[in-house]
Amino acid sequence: MKCEFAKSKAALRVDGVDLEVASIHRAGKLEPIVFLHGFGSTKEDYADIVRHDVFTGHPFLAYDAPGCGETECSDLSRVSIPFLVETVLAMLEKQGYERFHLVGHSMGGLTALMLANKYPQRILSLVNIEGNLDPQDCFLSRQILDYPQPDAARFFDDFIERVRHSPAYASALYAASLRHKVRAAAVRGIFESMVELSDHGALTEKFLALPCPKMFMYGDQNATLSYLSHIEGRGVRLSEIPHSGHFPMYSNPALMWREIGLFQKMANRLPSTRVK
């Protein structure tokens with residue numbers, strides 16, 4: 001069988017926490033692409049990059065965040081958005097990527113934004129797939145406050161049931177694998193940091209201030225997000241994915257990949273985006 005990408009584990013130590021980070025990746029001579037998955041998802045959300053010719057020649061990296069998928073973490077209580085940013089940096093060093101295109105969904109979109117805000121010179125372009133920009137984006141993470149439950153496993157069980165019966169596209173599909181993809185002990189730190197940053201982190205301003213080309217992707221069920229016209233007026237490219245809610249990679253993946261490919265192709269035509 002032909003292997004179109006490699007799978008590996010990287011032993012890292014991030015802020016005193018031992019990690020074994022599971023990733024998929026491939027080599028290539030063009031601009032690298034880094035993918036950051038959302039809460040309850042895994043690196044496999046992005047494996048289909050190899051099925052789309054527009055990305056031929058581009059190396060890529062996708063990995064399971066600490067607390068998720070096949071990645072092992074020695075202290076799940078330390079997992080938060082700032083910790084995930086430090087994990088990205090460690091993985092970038094391991095992979096040898098200096099400048100790269102960045103794609104993040106939901107939790108991964110927020111992580112990508114915080115990374116890009118710290119190191120804007122390294123980002124060739126940013127695709128934000130419903131990553132948090134505003135307090136209204138915490139419809140999942142704010143449940144840690146709206147449904148207080150000190151028992152982590154009980155909170156997660158109840159959370160899964162609420163998501164399962166949500167009227168949004170792909171909710172039941174998403175809920176079905178949550179227990180297998182996320183450690184319950186990591187949920188509180190992730191959710192609380194997402195809410196804190198969304199409420200007080202001036203995320204929209206940070207997003208708009210980035211000098212790289214930017215695209216915000218969203219499902220048509222979420223076309224009522226109040227900031228869409230504002231960010232479009234400030235030069236952000238919008239991509240509305242039909243027949244989709246928060247998870248275009250599950251509901252309409254072909255169009256998601258097409259939009260990402262077209263956007264990065266445009267960004268690659270701008271000066272100084274080719275790897276030397």
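Numbers here are sequence positions counted from 1. This structure is a prediction, so every number in the text was calculated from the model and none was measured.
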Practice task
Using a 4.5 Å cut-off on heavy atoms from C-beta on, say whether the side chain of Val103 contacts that of Val34.
Solution key: no
Exercise for the section: With sequence neighbours excluded, give me every ring pair (Phe, Tyr, Trp, His ring centres under 6.0 Å) pair touching residues 163-189. Expected result: Tyr174-Phe247
Exercise for the section: Keeping to residues at least two apart or across chains, list the salt bridge (charged side-chain N to carboxylate O under 4.0 Å, His left out) pairs with something in residues 61-76. Expected result: Lys7-Glu70, Lys43-Asp64, Lys43-Glu70
Exercise for the section: Using a 4.5 Å cut-off on heavy atoms from C-beta on, say whether the side chain of Val236 contacts that of Met215. Expected result: no
Problem - Listed partners of Arg183 passing salt bridge (Lys or Arg N to Asp or Glu O under 4.0 Å), at least two apart - result: none
Problem - Close side-chain approach of Asn132 and Cys138, heavy atoms under 4.5 Å - result: yes
Handout entry: Pair listing, ring pair (Phe, Tyr, Trp, His ring centres under 6.0 Å) test, anchored in residues 196-218, at least two apart
Key = Phe216-Tyr227
Exercise for the section: Could you tell me whether the side chain of His37 and the main chain of Asp45 form a donor-acceptor pair under 3.5 Å? Expected result: no
Handout entry: Side chain proximity check, Tyr119 to Leu89, heavy atoms < 4.5 angstrom
Key = yes
Practice task
Answer yes or no: is there a side-chain heavy-atom contact under 4.5 Å between Ile33 and Tyr46?
Solution key: no
Exercise for the section: Mind checking side chain to side chain contact (heavy atoms under 4.5 Å, CB included) for Ser193 and listing every partner two or more places apart, or none if nothing turns up? Expected result: Ser80, Ile81, Pro82
Exercise for the section: For Thr71 and Glu20, test the side chains for any donor-to-acceptor distance below 3.5 angstrom and give the result as yes or no. Expected result: no
Problem - Of all pairs that satisfy ring pair (Phe, Tyr, Trp, His ring centres under 6.0 Å), the ones with a partner from residues 53-96, not counting sequence neighbours - result: Phe55-Trp257
Handout entry: Side-chain H-bond candidate by donor/acceptor type, Asn222 with Glu130, under 3.5 Å
Key = yes
Problem - Any Ile123 side-chain heavy atom under 4.5 Å of Arg99 side chain - result: no
Problem - Closest approach of Val17 to Ser74 (non-hydrogen atoms, all atoms of both residues) - result: CG1-OG, 3.4 Å
Handout entry: side chain to side chain donor-acceptor pair (under 3.5 Å) contacts touching residues 84-95 (sequence neighbours left out)
Key = Glu86-Lys118
Problem - Contacts of Glu4 that satisfy side chain to side chain contact (heavy atoms under 4.5 Å, CB included) - sequence neighbours left out - result: Lys2, Val50, Arg51
Practice task
Output every pair passing side chain to side chain donor-acceptor pair (under 3.5 Å) with a member in residues 105-115, not counting sequence neighbours, ordered by first then second residue.
Solution key: Ser106-His246
Problem - salt bridge (charged side-chain N to carboxylate O under 4.0 Å, His left out) pairs, two or more places apart, involving residues 226-254 - result: none
Problem - Min side-chain heavy-atom separation Leu124-Cys212 under 4.5 Å - result: no
Handout entry: Pairs touching residues 161-179 that satisfy salt bridge (charged side-chain N to carboxylate O under 4.0 Å, His left out), sequence neighbours left out
Key = Asp157-Arg179, Glu161-Arg164
Problem - Closest approach of Leu76 to Gly67 (non-hydrogen atoms, all atoms of both residues) - result: CD2-CA, 3.7 Å
Problem - Check: Leu133 main-chain N/O paired with Thr204 side-chain donor or acceptor under 3.5 Å - result: yes
Problem - By salt bridge (Lys or Arg N to Asp or Glu O under 4.0 Å) - contacts of Asp137 (at least two apart) - result: none
